[in-house]
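Residue numbering restarts at 1 for every chain, and letters A, B, ... go by the order of the sequence lines.
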2 protein chains.
Amino acid sequence: MEHILPNLAKGRAPLEPEKLIRREPLEPGTFKRMIRKMGLKVTQQRLAILESLSAGRAHVTAQEVFETVNARYPEIGFATVYRFLRKMAEQKMVTEVRMGGLPARYELTPRRHHDHLTCKLCGQIVEFESPQIEALQEQVAKEHNFRLTHHVLELYGDCARCRTG
Amino acid sequence: MEHILPNLAKGRAPLEPEKLIRREPLEPGTFKRMIRKMGLKVTQQRLAILESLSAGRAHVTAQEVFETVNARYPEIGFATVYRFLRKMAEQKMVTEVRMGGLPARYELTPRRHHDHLTCKLCGQIVEFESPQIEALQEQVAKEHNFRLTHHVLELYGDCARCRTG
DNA sequence: CCCCTAATTGACACTCGTTCTCATTTATGA
DNA sequence: TCATAAATGAGAACGAGTGTCAATTAGGGG
């Protein structure tokens, strides 16, 4: 199992602190409620995964979640993390963000919709909201007689810090 | 190498005919010029790959390109296809589209930039252009001090025909 | 409170798209 | 024509993610 810690092993550069749209704090008991709402059993592993997702940085990879949770509960397997993340993504409880061919990143689905601006060089993710873009998307769909259900809008570029060296 | 033909083997459902923004036909000699413009050597393999890309449907996977080219030139290896597609993507000669965790799809970078509106039900892809959305994207990037290099905008919905049954 | 049972787990083998390696072949500028 | 750097093909390797299966556990019914 040599791929458990590939990211740490590669000494990936530490990321910028994220610029996040404000998120509501989670009260105790919320996690259990979330799990039950999905029709699943409440286990220590699942609670630990949710805790890790809500406490740490947003937009983490499954491996990062695994590492965090594994540090406190060394017996947890990464299959459990992947499985639970997938199940939560299906139920829209977490949102999966994929950039290029890189590992998927997850965030607890935020109350407010937003899109992402990603630095190709350092991986930093900035969230943004643009009601104007949303409106134009609706207009495009209407022109083609589509009823819009969802969209993916990811902007890629080089952030100021990476550009100036 | 049992994964050479996974898509054919799986009997993927045929897609709707695509609605494409008009593309200019390519004159003979264009391919050689394109390759030279990238600073690469002109080989039969590369010509065959470009031919396949320009002749068939847009938005093909590397495996599909390999299969097409391999049918006519059985000695070509898939590494060559992948390598060339990657190189062309780096130089923006082809555009890579990744949705979800699915294999990347490629298209010869069209002269006119466009995004995609996809029907979730029948798989139909409608291409559209929205300079207004592009402009707003630039503005978002500017606000966050990013230099925008590219973006992914995919709209999903139900087309008129599928909705009305 | 205890049991039963289906859900969940951990270990790890496996899949599959993609990239790497390296010995051989080939395009092209001199 | 030749030298040489680039390109190729074969196949191994990589890495994210999924499947399998025996062992464990949550939690509803009694």
List in chain and number order the residues that pass salt bridge (Lys or Arg N to Asp or Glu O under 4.0 Å) with [X], two or more places apart in sequence or in another chain; answer none if no residue qualifies.
{"X": "B:Glu134", "value": "none"}
{"X": "B:Arg147", "value": "A:Asp158"}
{"X": "B:Asp115", "value": "none"}
{"X": "B:Glu154", "value": "none"}

Contacts of [X] that satisfy side chain to side chain donor-acceptor pair (under 3.5 Å) - sequence neighbours left out:
{"X": "A:Glu129", "answer": "A:Arg112"}
{"X": "A:Thr80", "answer": "A:Arg83"}
{"X": "B:Thr95", "answer": "B:Thr109"}
{"X": "A:Gln45", "answer": "none"}

Checklist entry - Which letter, B, S or -, goes with each nucleotide of nucleotides 20-27 of chain D from 5' to 3', with contact meaning a protein heavy atom under 4.0 Å? => result B-----BS

Checklist entry - Which angle, rounded to 10°, do you find between the first-five-pair axis and the last-five-pair axis of the helix from C:dC1-D:dG30 to C:dA30-D:dT1? => result 30°

Checklist outcome for this item: Per the under-4.0 Å heavy-atom filter, residues of residues 86-94 of chain B near DNA chain C come out as B:Arg86

Next on the checklist: Which residues pass the ring-ring contact (aromatic ring centres under 6.0 Å, His included) test with B:His116, not counting sequence neighbours?
Outcome noted: B:His59, B:His114

When you check the phosphate oxygens OP1 and OP2 of [N], does a side-chain N or O of [X] lie under 4.0 Å from one of them?
{"X": "A:Gln45", "N": "C:dG10", "result": "yes"}
{"X": "B:Gln63", "N": "C:dC16", "result": "no"}
{"X": "B:Tyr82", "N": "C:dT18", "result": "yes"}
{"X": "B:Arg105", "N": "C:dG17", "result": "no"}

Checklist entry - Centroid-to-centroid, B:His113 to B:His150, below 6.0 Å? => result no

Checklist entry - C:dC12 P sits how many Å from A:Ile76 CD1, rounded? => result 16 Å

Next on the checklist: Counting only side-chain heavy atoms from C-beta out, which of C:dT18, D:dG17, D:dT8 sits nearest to B:Ala62?
Outcome noted: C:dT18

Item to check | hydrophobic_cluster_shared for B:Leu136 and B:Val140, side chain cutoff 4.5 Å | outcome: yes

